[in-house]
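Worksheet: the structure to be examined is printed underneath.
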Amino acid sequence: MPALIPTDHVAEVTWLGLNADRKAKLCSGPVEALRLTFAGPEGESHAGLTRPSDSRVVAQYAKGTEIRNVRQISILSDEDIAAIAAAMGLARLDPAWFGATMILRGIPDFTLIPPSSRLQDETSGATLTVDMENLPCHLVSREIEAVHPGFGNAFKAAARHRRGVTAWVEREGGIALGARLRLHVPAQPAWPHSATRA
């Protein structure tokens with residue numbers, strides 16, 4: 001029995017970007033295509049088989065601990081970005097300001113797709129495994145504030161459950177603008193005790 005179920009949801013790739021030096025700035029530069037290796041997109045500063053742990057996983061590891069890199073790629077949807085902009089009172093937000101690697105169109109409530117879902121290019125077979133929701137951060141707020149003074153502080157609340165997901169490369173290959181990615185979801189019910197916290 002398959003552990004991953006192909007769905008009828010297919011997204012179109014509408015934007016691709018690379019960040020060559022995240023220490024210099026968050027913004028990504030637009031590109032026509034990505035070459036994905038097991039270490040992530042070639043030329044991307046977030047690529048690598050491992051990474052130092054950060055504040056997102058401080059409950060599990062001391063900051064700076066070397067861990068597997070499941071944050072090689074940042075994916076958002078056009079629909080979620082438009083909803084964030086509307087909630088902030090802006091006409092649009094540039095995908096580059098998010099430090100995004102990929103923007104998709106066509107999957108409803110994209111940020112809430114299940115962890116461990118796959119996004120598979122229907123032509124190349126390149127496959128991304130979703131780690132989890134990407135939480136809103138102050139770095140995006142700064143990028144927005146620089147262009148739209150007075151609006152940056154509204155980002156975190158507006159982006160809650162709309163910030164997209166992080167992912168890593170499960171199968172190598174190329175993904176280009178206009179590519180169609182099919183969503184595959186785990187054949188597993190939601191854990192009934194998820195509200196229980198330490």
Side-chain angles (χ1 to χ4, degrees), residues 1-19 28 33-41 44 46-51 53-54 56-57 59-60 67-84 95 98-137 140 159-196:
M1 177 180 178
L4 290 161
I5 308 300
T7 72
D8 292 333
H9 296 287
V10 178
E12 177 190 357
V13 176
T14 62
W15 192 91
L16 294 169
L18 287 174
N19 177 308
S28 300
L34 296 175
R35 169 66 190 158
L36 303 176
T37 72
F38 290 127
E44 168 60 45
H46 292 84
L49 294 175
T50 64
R51 69 178 181 93
S53 63
D54 58 18
R56 297 172 182 89
V57 290
Q60 291 76 43
I67 60 174
R68 174 67 65 187
N69 185 8
V70 294
R71 299 181 62 81
Q72 296 172 344
I73 298 169
S74 170
I75 312 171
L76 295 95
S77 74
D78 278 331
E79 295 88 346
D80 280 345
I81 292 175
I84 295 169
F98 291 82
T101 316
M102 184 178 299
I103 307 298
L104 305 177
R105 178 188 301 134
I107 297 178
D109 297 313
F110 176 74
T111 296
L112 303 181
I113 63 174
S116 201
S117 294
R118 269 51 166 194
L119 292 163
Q120 187 169 61
D121 188 305
E122 293 192 320
T123 302
S124 73
T127 306
L128 306 174
T129 297
V130 172
D131 178 45
M132 65 176 66
E133 178 181 357
N134 196 6
L135 301 179
C137 72
V140 181
R160 188 170 185 266
H161 301 311
R162 295 173 175 152
R163 175 65 173 87
V165 299
T166 56
W168 50 274
V169 177
E170 182 170 69
R171 181 182 175 189
E172 295 183 316
I175 295 180
L177 289 174
R180 291 168 53 82
L181 306 186
R182 183 170 300 277
L183 176 65
H184 301 246
V185 297
Q188 176 178 329
W191 189 48
H193 308 286
S194 60
T196 305

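All figures in this text were calculated on a predicted structure; none of them were measured in a lab. In this chain, numbering begins with 1 at the start of the sequence shown. Side chains included, hydrogens not; waters and symmetry mates left out as well; all remaining heavy atoms used.
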TODO: Return the minimal non-hydrogen interatomic distance between L4 and S116, and the atom names on each side.
DONE: CD2-O, 3.8 Å
Task: Test log, rule side-chain contact (heavy atoms from CB on, under 4.5 Å), inputs S117 and L183 - done: CA-CA 7 Å; S117 294; L183 176 65; 3.8 Å; yes
Task: Exercise: identify the closest heavy-atom pair between R182 and H184 - done: O-CD2, 3.3 Å
Task: Backbone of T14 reached by a side-chain donor or acceptor of D78 within 3.5 Å - done: no
- [ ] Taking the side chain as every heavy atom from C-beta outward, state whether R71 and N134 have any atom pair closer than 4.5 Å.
- [x] yes
Open item on the list: With a sphere of 6.0 Å drawn around CZ of R35, does it hold more than 12 non-hydrogen atoms of other residues, nucleotides or ligands?
Closed with: yes
Open item on the list: I75 vs F110, test: side-chain contact (heavy atoms from CB on, under 4.5 Å). Steps then yes/no.
Closed with: CA-CA 9 Å; I75 312 171; F110 176 74; 3.6 Å; yes
Task: For P41, the option from I175, L36, L16 that meets side-chain contact (heavy atoms from CB on, under 4.5 Å) - done: L36
Task: Where P95 and W15 come nearest, the two heavy atoms and their spacing - done: CB-CD2, 3.7 Å
TODO: Give the C-alpha distance, both sets of side-chain angles, the deciding distance and a yes or no for side-chain contact (heavy atoms from CB on, under 4.5 Å) between R68 and L49.
DONE: CA-CA 6 Å; R68 174 67 65 187; L49 294 175; 3.9 Å; yes
Task: Check: F38 main-chain N/O paired with E172 side-chain donor or acceptor under 3.5 Å - done: yes
Task: Donor-acceptor contact below 3.5 Å, side chain N19 vs main chain G99 - done: no
TODO: Please list, chain by chain and in numerical order, all residues satisfying salt bridge (Lys or Arg N to Asp or Glu O under 4.0 Å) with R162, sequence neighbours excluded.
DONE: none
Task: Nearest atoms (heavy-atom pairs only) where N69 meets A47 - done: ND2-C, 3.7 Å
- [ ] Kindly say whether T101 contributes a backbone atom to a donor-acceptor pair with the side chain of S28 at under 3.5 angstrom?
- [x] no
TODO: In sequence, state the C-alpha distance, the side-chain angles, and the governing distance for R51 and S53, and then conclude on side-chain hydrogen bond (donor to acceptor under 3.5 Å, both in side chains).
DONE: CA-CA 6 Å; R51 69 178 181 93; S53 63; over 6 Å; no
TODO: Nearest 0.5 Å please: distance from the CD1 atom of I113 over to the CD1 atom of I107.
DONE: 6.0 Å
Task: Short side-chain to backbone donor-acceptor contact, D121 and S124, under 3.5 Å - done: yes
Open item on the list: Using 0.5 Å steps for rounding, measure from the OG1 atom of T111 to the CD1 atom of I84.
Closed with: 7.0 Å
Task: Any side-chain heavy-atom pair of L128 and V169 under 4.5 Å - done: yes
Task: Backbone N/O of D131 and side chain of T166: donor-acceptor pair under 3.5 Å - done: no
TODO: Please determine which of R171, R118, Q120 meets the side-chain hydrogen bond (donor to acceptor under 3.5 Å, both in side chains) test together with T127.
DONE: Q120
Task: Polar side-chain atom of Q72 near backbone of T37 as donor-acceptor pair, under 3.5 Å - done: no
Task: E170 atom CD: more than 12 heavy-atom contacts under 6.0 Å - done: yes
Task: F98: partners by ring-ring contact (aromatic ring centres under 6.0 Å, His included), with sequence neighbours left out - done: F155
TODO: State the CD-OG distance between E44 and S74, to the nearest 0.5 angstrom.
DONE: 9.0 Å
Task: Heavy-atom closest pair, residues G106 and E79 - done: N-OE2, 2.8 Å
Open item on the list: Apply side-chain contact (heavy atoms from CB on, under 4.5 Å) to residues M102 and L181 and explain how you reach the verdict.
Closed with: CA-CA 11 Å; M102 184 178 299; L181 306 186; 3.7 Å; yes
Task: Closest contact, heavy atoms only, R163 versus V140 - done: NH2-CG2, 3.7 Å
TODO: Please identify each residue that fulfils salt bridge (Lys or Arg N to Asp or Glu O under 4.0 Å) with R180, with sequence neighbours left out.
DONE: E122
